[in-house]
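Here the structure comes first, spelled out in structure tokens, and everything after it is commentary.
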Amino acid sequence: MPEGATSSAFASERLQINQGAEETVRELLRSLLESGKVNAVLALGRTGGPSGGVAYSLFRDPEAFGADGDALPLLPFMPANAGGLLSRLTLEGPVAEPVAAVVKPCELRAFIELVKLSQGNLDNILLISSTCGGVYPLDMGIDGSLEKKLPTYWERMEQGELDDDVRPTCRACESFVPEGADITVALLGEADLDTQCTLHLNTERGAAFAGDMEGTTVSGKRDSEALERSLDERKAFREELFAGVGVGLKDLIHTFGRCIGCHGCKTVCPICYCRLCYFDSQNCERPAGFYEGELARKGGLRVPSDTVYFQLGRMAHMAISCVGCGMCTDVCPADIPVSTMFSKVGAAAQAVFDYQPGRDVTEEIPLRTFEEEEFTEVAT
Amino acid sequence: MPNESTVLIYGTNLGGYRAAYALGKRGHKFILLNRGSYVDEEKYQALAQLPLDFCWICGHMPQRAFKASGAMQDCYNAQLLAVSGEAGHFHVKFKKRDKPVNNFACTECDQCIEVCPVEVGEGKAIRVVPEAGWENCYVIDFEHCTRCGACEEVCPTGALKVERPEEVVEADVGAILLADAFEEPSDDDLRDFGLGQGPSVIRNSEVARRSLLTNFVRDSVRLPSGRMPQTFAVIVTPHFNRPGVEYENYNLSVSAIYRAIRLKEILPEAEVTVFLHDYRGTGKGHHQWYMKALDAGVRVERAETLSVVPDETVEEAAIHYTSLEGESRTQSVELAILVTGQSPPSQMEELSRLTGVQADENGFCRLRPFSCCETDVDGVFAVGELTGPKGNPETVWDGCAALTEMQRYLGEKNVAPGAAPSLRDVAGEPTRVGVFICSCFGQFDDRMDLPGLVERARALPGVSHAEIIEGCCTGPTIQATAERIKESGVNRVVLATCTPLQKKGKYDKAVMTAGLSPLLCEYLRFREDVIQVHTDPEGMLMKSLALIRGAVEKVKRGRHVSPLVDTFDGRALVVGGGLAGLTAATEIAANGFPVVLVERENELGGQTKYLDEEQREYVKGLISSVNASDNIACYTQAKLGQVEGYAGNYHAVIETPTTPVSVDAGVIFVATGAQESLPQGFLYGEDPAVMTQAELAERMKGGETADHVAMIQCVGSRTPEVPYCSRLCCNQALEHAILLREQGAEVTVFYRDIASYGKTNYYRLAKEAGVSFIRFPGDDVETGYPEVRRNGAGLEVVSEGESHPADWVVLSTGIVPDAENNEALSELLGYPLDYEGFFSSDISNYPYEEAIKKLTKPFELGSNGIFPVGLAHSPRSFEETILTAKDAVGRALVVIGKNKMPPPNKMFVAAVHESLCMGCGVCVDVCPYGARVIDEIERVVKIRPFLCDSCGSCVAICPNNASYLQDFKGEQSVAALDALLV
Amino acid sequence: MSEEREFVPKIVYFMCSWCGTGGAETAAAHHLRYPENVIPSRVNCTGALPAVHVIRPLIEGADGVVISGCHPGDCHYDDGNFRARRRVALVKSLLDTLGLEPERVWFRYVAHGEGRRFVDTAAEFNDHITRLGPNPLKTRSDT
Amino acid sequence: MSDNGIVLAAEDGVEAAFIGWLKETLNKNIFDALLIPVGTPAGDSFAYLLLQEPAILDSASPLPPVMPVQGGKAIGRLTMRENPSKRIAAVVRPCEARAAIELSKLEQAHLDNVCLITLDCPGVLPLADYLVDPVAGAARFKEASAQWDRSPMRPTCQVCDHFSLRQAPGCDLHVGTLGCPDGTAVVVAGSSKGDHVLEQMDMGGQDEDEQADFLNTAVTDWGTQVEQVEEAQTERRRQAQEDLREEIAGAEKLLGVFSSCINCHNCQRVCPVCYCRQCYFESAALKLPAENYLARAERKGALRFSPDTLLFHIGRASHMALSCVSCGACEDACPMDIPVGQVFSLLGDRAQKALGYVAGTSLEDPLPLVSYEMDELHEVEQPYVEVYPNQEVQDA
């Protein structure tokens with residue numbers, strides 16, 4: 001990656017606001033909703049009351065972004081890949097009026113990728129993202145340890161570092177600077193996050209929507225030393241991580257040996273958009289005769305079969321578009337490092353075609369292997 | 001010159017309706033001569049017979065469709081003037097005056113009522129007769145009408161003409177069907193029961209009528225003073241009335257029992273007594289109904305004579321009656337309900353003058369022997385109550401039997417099926433929804449703000465066009481609407497009009513004329529759901545919008561599909577070569593359809609030993625015509641090996657002594673008969689002097705007789721094991737008793753209930769002949785029955801401690817199904833047996849259901865192309881056996897041999913997403929019509945479109961929406977539902 | 001009390017195409033009135049109403065759901081209403097177990113002729129739900 | 001349950017003895033193949049293996065400490081399309097056998113050639129707990145199950161009341177260990193199929209009567225012990241379900257329970273009786289245009305997205321609660337530790353009670369929703385005897 005690459009995503013114009021990042025974002029979204037500039041906001045928020053959990057919501061009520069509202073736009077947590085959610089929202093056509101979405105870079109990339117696959121529509125979607133310091137694993141969202149962690153998280157963010165407890169996938173993420181966001185909230189390596197905030201207005205739309213915020217407009221190239229440093233650290237960690245997992249057939253058989261076949265990885269994968277996954281379809285429902293035939297060849301065989309076949313097949317289908325968001329690892333009840341393996345394979349594949357998923361909506365996807373599994377008959 | 005194909009139907013009893021239905025469906029024109037002034041003026045007589053407290057028969061009769069296809073010509077206030085010519089070429093002359101309001105043009109806007117200046121009681125001189133059920137019937141009360149014509153002017157569709165000219169019409173018809181309706185006895189006929197003499201005596205038909213209007217609630221029996229009676233008497237009047245005044249059809253005592261149970265349901269505390277002489281429930285399930293009443297705490301009082309003296313002022317009536325034991329008693333009740341029989345038809349004289357038909361000794365229309373409906377005059381048929389006191393099942397069967405019998409006089413079908421509309425596939429076009437809101441010829445304008453509604457509707461997402469239309473229910477407005485749809489260039493349509501229940505046909509016509517499939521359209525009951533039931537403008541607007549929003553969401557996701565078609569094999573398979581089977585075979589063959597007849601024994605004819613000479617001869621005749629017919633292939637010593645397929649497409653294998661034969665057929669008649677039950681106990685088989693009625697008949701033929709003959713009824717009937725009345729025993733026993741009396745024998749009949757029925761009142765004759773009757777309390781099967789003992793040389797019958805000497809003891813044994821055979825066959829055909837072990841009717845778990853469903857459901861839905869006939873279906877007399885067979889044939893003739901038939905009733909049916917279907921078969925289990933089957937190779941469900949009535953049970957049970965209705969897919973339903981709640 | 005008067009429930013009335021719908025039409029023919037907030041939804045047969053369609057409105061904005069089909073034995077499709085009865089029993093059991101007020105679902109037969117019974121049902125249920133108060137689920141954003 | 005049976009005795013433990021017996025069935029050609037849990041290559045978990053090599057049985061484990069795949073589902077996958085031509089013995093836990101029976105009613109399993117062999121089940125450990133340290137997990141399980149101590153097991157297992165043949169009579173053969181002296185177990189037949197197997201296995205030799213007496217006492221001891229445990233378990237279950245209902249009943253609490261759901265639908269995917277290829281709640285029916293979502297968000301102030309979380313859970317219950325066998329697989333698979341297994345077995349128990357059905361205990365009982373009685377469930381019919389005093393109507 002060339003020098004300064006991480007900052008290439010930023011337009012020269014940016015808005016400096018004398019207010020904490022969290023407040024700024026809340027304020028921005030609240031005013032957008034209040035003024036009716038946006039019809040709704042997709043962001044994280046509390047569910048099930050104070051003791052409850054966290055989920056994405058489509059917020060209509062501005063109060064959600066008030067001081068003690070339910071919304072938690074910048075929470076370092078990812079209960080679902082919002083890219084998939086945006087696709088679901090716009091699957092049947094663009095939204096009539098603007099909708100803002102606060103997403104992480106990998107979620108943004110996923111959405112772009114889905115748009116390329118005509119599974120979503122960018123029109124009228126205001127994309128707000130941030131320089132990402134990673135998110136905590138799902139299970140930390142359950143026992144409340146996430147809450148306790150937050151102060152440390154933001155401290156280290158100010159220092160341009162990642163907390164050791166964020167998901168390995170994030171610590172190994174090279175694409176933590178959003179590309180194609182209308183507004184980017186500068187977080188990683190920014191001093192005084194609780195009193196200061198910098199909004200990069202990357203597009204006209206971004207400028208148009210954030211224009212009313214009080215602050216000073218600054219232009220000109222901006223030093224991104226902290227980002228570069230983080231990038232190097234993450235690259236290092238990534239190599240380590242990849243080295244840790246083998247992707248030879250034998251490794252696969254070993255690693256996926258404890259797969260329980262829930263296909264949760266597929267369900268939460270934003271890129272796996274098929275209405276009915278090939279590996280859940282009739283094509284993979286075997287008659288008893290098949291098992292008996294196999295049995296004749298081997299001494300014994302696993303039932304249900306196709307465990308590794310599923311993983312390899314899914315790789316073949318989506319690795320080229322894998323945005324490395326890590327949802328699959330997070331969701332796996334058998335603690336299999338799915339994401340690491342898929343990113344490793346994906347990265348290789350993407351390198352071959354010099355393709356970065358979700359970087360640019362105009363960029364063609366080199367090879368697509370999905371269509372055959374589409375069930376047009378159940379299409380609506 | 002070929003025979004005429006049109007049929008003249010005189011009168012509108014259930015049989016007439018059934019015949020009209022069948023004729024119309026089969027493709028014959030028919031003229032409905034209605035003496036009354038609206039669609040079914042005799043509805044209440046029907047209700048009196050059908051104590052279901054509701055009747056929707058006219059609603060199920062697709063009058064609008066028949067009218068549209070030109071099959072039906074309906075005439076009101078009609079009178080037959082002259083009949084000339086002969087069978088096949090009758091020339092009839094009749095006069096008619098159309099009713100002031102033409103149902104088919106009337107939009108039921110009620111403006112006529114609003115403008116009518118004449119107040120009559122609570123209503124106006126023009127008023128709705130809500131009793132007329134399926135559609136409101138506007139009737140002018142000419143006594144009070146001032147002929148001011150205000151209503152005529154205001155009528156938007158010109159449906160109303162106060163003065164209709166009386167026209168004389170002449171027509172050529174191939175056959176004449178006399179179906180004049182049930183007539184209730186007059187108040188005077190019922191004077192002994194105090195009718196009209198006080199507030200506390202009422203007809204059952206009146207209770208039925210009130211029930212319909214007050215919805216089965218207590219109001220239906222509330223006394224004029226508003227008090228709720230606590231003691232009731234339900235009286236079966238024919239049992240006590242003067243001879244010749246009224247006649248009883250065998251359903252009557254069930255009607256009484258049913259009423260009593262209903263009363264217990266709504267007034268659990270009330271004291272309900274049913275007064276009758278005998279309980280004569282001889283039909284399917286009737287005995288169970290009787291037991292249910294006893295369980296419900298209904299008191300059943302048997303009386304010899306009975307009269308009612310109501311108090312003129314106080315709401316109370318005294319029932320004076322003498323018990324069977326002869327002691328006279330009196331009971332006072334607050335309300336006495338009279339379950340009345342039927343009077344002899346008033347029109348007989350007129351009819352015989354015009355057509356030459358003859359009346360029998362009781363004044364009913366006489367039929368030729370062994371014919372179900374044909375009178376003495378060729379080509380003139382009579383059905384239902386006109387021919388004698390009849391229960392509903394028989395009346396309804398008559399209808400189809402008539403179709404069967406009249407075929408030979410009728411020419412080719414003369415109603416051409418309408419051409420299929422050419423619809424355009426809108427796939428690929430951007431969705432453009434048009435909302436068309438009916439103003440019902442301007443009269444909704446002042447009810448709510450239609451322009452406002454249109455504005456709001458146009459603003460809905462996906463709606464590209466919205467406007468107000470005048471209407472969509474008259475020729476011109478249908479055309480206009482179609483034009484507007486075309487012009488507006490929409491490809492989805494929401495029609496906010498009124499009841500699709502009645503007018504769907506018209507709306508379909510409009511949208512299809514515009515080239516759109518009804519699948520892309522939704523019809524809202526704007527009038528029924530908003531205009532007529534609400535007043536608050538804001539609320540009405542909100543509700544209308546919700547409904548429209550839902551409809552829009554639905555049609556947005558509608559997809560065009562071309563209607564499915566299926567073929568119907570023109571061959572018939574008849575199992576059983578007895579009377580029923582032979583009749584079915586010959587009749588089907590006579591209509592030119594090939595028949596395969598399978599008989600278990602080595603010769604045809606079935607059980608003839610119970611038949612008299614004439615009957616034997618008749619059966620012989622059938623056999624020879626079977627052998628003579630080239631259309632009938634007959635296999636004796638053969639049985640059904642296996643059966644696959646479904647109505648219209650059966651594939652069967654017949655095991656013959658030589659090689660198995662495989663047969664394709666569209667319909668299957670099950671005519672496997674039943675058996676005489678052999679008595680247990682009563683010294684039967686131990687003492688030669690104890691015999692069954694059949695054996696008695698043999699001995700009498702041999703000239704034997706005895707001095708003292710005792711007969712015991714209900715031997716092996718109405719017991720826990722045989723939970724039904726065998727129907728025939730009583731008539732048979734009484735016939736024998738009378739003969740024995742004539743030879744001077746002393747005859748004593750021990751009985752539970754004498755359930756003789758039909759034209760000849762054997763019961764009365766027997767009593768007159770001096771046969772003595774002794775009732776035993778048989779409801780308690782354990783202890784109630786009499787005991788037969790040896791007494792020296794002779795025998796004695798001991799009942800309730802008393803001994804009655806007898807030389808012969810004759811046991812009236814019942815008829816039992818051939819259990820083993822029936823179960824095997826039922827298994828093979830996948831056709832259910834009822835709890836009595838006979839082959840079930842379409843659906844007959846409730847009394848009279850049989851009648852209604854048979855009438856209202858084309859068989860191909862109800863019974864999957866399988867017809868149980870004769871004794872296989874239920875205990876039946878010789879004539880009734882023929883009747884069941886001919887009824888079944890008539891119903892089969894409606895569809896058999898038709899090709900490329902669209903699914904009945906609906907253009908569109910259930911379908912399956914095969915890539916989602918798991919083949920779990922739950923939908924197969926719940927489908928009432930056998931319209932689905934699992935494809936064993938693909939392990940997915942396949943549809944048999946012909947059998948599907950798109951009820952949607954499969955959709956509800958299918959966990960993942962693999963099953964869906966073409967006209968309401970899963971992805972439509974949720975969106976539509978949400979839209980209602982925005 | 002005053003609070004109750006302000007609350008106007010949203011009610012979905014599922015009726016079968018035969019008896020339920022017929023009842024509604026008879027009511028209309030007799031010009032009987034019932035509350036505007038009762039919104040009819042037609043299904044071919046109560047037996048064709050999936051459990052999910054009863055649950056869905058209770059989550060997405062309805063305060064109550066009524067289901068009306070033919071009287072026992074009168075079902076145009078023979079036994080749809082018996083199947084519906086089982087399904088309603090299931091749904092009520094689920095709602096009851098989860099403490100989601102099964103009394104917000106009513107199942108009452110209405111025959112074609114029973115216009116009065118139809119409007120009575122609508123009005124009675126409306127009052128019943130008004131007494132019960134708003135359905136807590138319908139305003140929850142985290143369903 | 002027939003009186004036909006045998007006593008397994010072996011010094012080195014029941015498991016070994018039972019495996020030996022199974023090998024015997026293969027050698028004697030009574031079965032062509034076995035379906036039984038076997039350790040995975042990495043040795044960190046277990047998977048169902050279809051095998052015919054007796055040798056492989058050495059690594060088999062009839063009662064593994066975890067239930068990574070519900071055996072009913074395994075049997076279903078194996079036989080979903082047709083009856084296998086081979087005679088297969090499936091060694092599963094009672095709840096797995098019950099699932100298989102439900103599936104066969106739904107045509108998703110064909111059991112003609114399958115012999116269901118179950119064992120007295122001590123429960124299994126939560127998958128997550130186990131995977132942290134499989135070795136320690138295995139030890140923990142061994143120790144606990146030795147004393148029938150269910151405390152370390154999954155919550156659903158802790159209150160399981162269908163742990164033996166007595167409560168899950170649908171299987172063909174059952175291995176009873178409860179109350180049997182160490183190193184012994186009884187094998188009894190639950191069906192004629194099972195009887196037949198035992199007859200074929202009967203080596204004879206020893207004195208018939210003696211053997212019979214020995215067997216009878218063993219079976220009686222086992223039976224009484226099972227009854228005692230059943231009693232205790234039933235009570236525990238009742239109590240636990242009462243408490244659970246306290247915790248979840250009502251919109252507020254219920255939404256709390258499902259608040260952390262991430263819509264991965266793992267619960268549905270691993271559920272043995274959720275047999276649909278594509279779940280209704282992932283189908284086109286619920287993929288709606290943006291207007292729909294936004295309108296709902298409007299009404300509610302906000303709309304949780306993905307939407308329909310609660311609808312999914314209640315709706316799924318409406319599809320499978322009547323067939324739920326309380327196996328707890330869903331809870332194991334939930335990445336968010338939602339007590340979904342406990343909630344669903346509560347829903348299942350009560351729904352099945354309401355419709356007079358017990359899932360997976362007999363092949364004959366028809367599924368509740370495909371059958372009905374004319375005269376039943378009148379409590380759900382809203383009574384109507386008096387005209388309702390209805391202002392609206394009076395106005396008319």
Side-chain angles (χ1 to χ4, degrees), chain B residues 52-54 56 59 108 110 128 130 133-134 136 212-217 499 501 525 527-536 538-540 542-543 546-547 550 842-843 845-846 849 853 857 862 926 928-929 949-958 965 968 973-974 976-978 980-982, chain C residues 8 10 12 17-19 21-53 56-57 60-62 71-80 83-84 87 110-120 122 138:
Chain B
L52 276 181
D53 286 345
F54 83 97
W56 201 38
E108 298 168 29
D110 283 355
V128 170
W134 73 299
N136 287 318
L212 182 71
L213 301 183
T214 60
N215 312 331
F216 314 173
V217 291
T499 172
L501 212 56
R525 297 178 312 155
R527 186 180 67 183
E528 287 76 8
D529 287 345
V530 181
I531 297 292
Q532 285 179 332
V533 288
H534 301 313
T535 43
D536 165 42
E538 191 45 28
M540 287 166 82
M542 284 304 118
K543 184 173 178 181
L547 293 171
D842 303 10
I843 312 92
N845 295 311
Y846 288 76
E849 270 306 283
K853 298 276 177 169
K857 276 177 163 294
V926 300
Y929 306 127
D949 196 18
S950 48
C951 67
S953 305
C954 48
V955 179
I957 197 82
C958 180
L965 289 176
F968 201 23
S973 52
V974 173
L977 205 50
D978 287 350
L980 291 182
L981 292 165
V982 170
Chain C
V8 179
K10 254 196 196 311
V12 177
S17 297
W18 306 94
C19 298
T21 308
E25 297 197 353
T26 312
H30 298 199
H31 297 270
L32 303 177
R33 303 266 186 269
Y34 63 93
E36 287 88 358
N37 51 307
V38 177
I39 300 178
S41 172
R42 195 188 56 76
V43 289
N44 270 359
C45 172
T46 49
L49 182 65
V52 175
H53 288 196
R56 173 91 176 179
E60 291 306 332
H71 285 268
D74 303 349
C75 175
H76 181 82
Y77 303 105
D78 308 351
D79 52 13
R83 303 189 184 287
R87 207 167 284 116
V110 170
H112 181 272
E114 300 183 312
R116 178 63 192 263
R117 183 173 169 129
F118 169 77
V119 290
D120 282 358
K138 73 171 182 179

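Every chain is numbered from 1, with letters handed out A, B, ... down the list of sequences. Atoms considered below: every heavy atom in the structure, side chains included; atoms not considered: hydrogens, waters and symmetry mates.
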Quick one: of C/Gly61, C/Gly80, C/Gly47, C/Gly22, who has the most non-hydrogen atom pairs under 4.5 Å with chain B?
C/Gly47
Hey, what do you get for CD (C/Glu60) to CG (B/Asp978), rounding to the nearest 0.5 Å?
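Output value for this atom pair is 5.5 Å.
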To the nearest 0.5 Å, what is the distance between CG on B/Leu981 and CZ on C/Arg56?
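Those atoms lie 9.5 Å apart.
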Side chain, backbone, both or neither: which part of [X] has a heavy atom under 4.5 Å from chain C?
X: B/Ile531; result: neither
X: B/Val926; result: both
X: B/Asp529; result: both
X: B/Leu547; result: side chain

If you look at every heavy atom in [X] and [Y], which pair is closest and at what distance?
X: C/Ala28; Y: B/Val533; answer: CA-CG1, 3.9 Å
X: B/Ile957; Y: C/Arg87; answer: CD1-NH2, 3.9 Å
X: B/Leu977; Y: C/His53; answer: CD2-O, 3.5 Å
X: B/Cys951; Y: C/Ala48; answer: O-CB, 3.1 Å

C/Lys10/B/Leu980 under side-chain contact (heavy atoms from CB on, under 4.5 Å): CA gap, chis, key distance, verdict:
CA-CA 10 Å; C/Lys10 254 196 196 311; B/Leu980 291 182; over 6 Å; no
Keeping the roles fixed (side chain from [X], backbone from [Y]), state whether a donor-acceptor pair exists under 3.5 Å.
X: B/His534; Y: C/Tyr34; result: yes
X: C/Glu25; Y: B/Thr499; result: no
X: C/Asn44; Y: B/Ser950; result: yes

So, do C/Thr21 and B/Arg525 sit near enough that their side-chain heavy atoms are less than 4.5 Å apart?
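Sidechains of B/Arg525 and C/Thr21: in contact.
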Do B/Lys543 and C/Pro40 make a side-chain contact, defined as non-hydrogen atoms from C-beta onward lying under 4.5 Å apart?
yes
For the candidates B/Met542, B/Gln532, B/Glu528, which exhibits the highest count of non-hydrogen atom pairs separated by less than 4.5 Å from chain C?
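Most heavy-atom pairs within the cutoff with chain C belong to B/Gln532.
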Pick one of side chain, backbone, both or neither for C/Val43, based on which atoms fall under 4.5 Å of a heavy atom in chain B.
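When you check distances to chain B, no heavy atom of C/Val43 falls under 4.5 Å.
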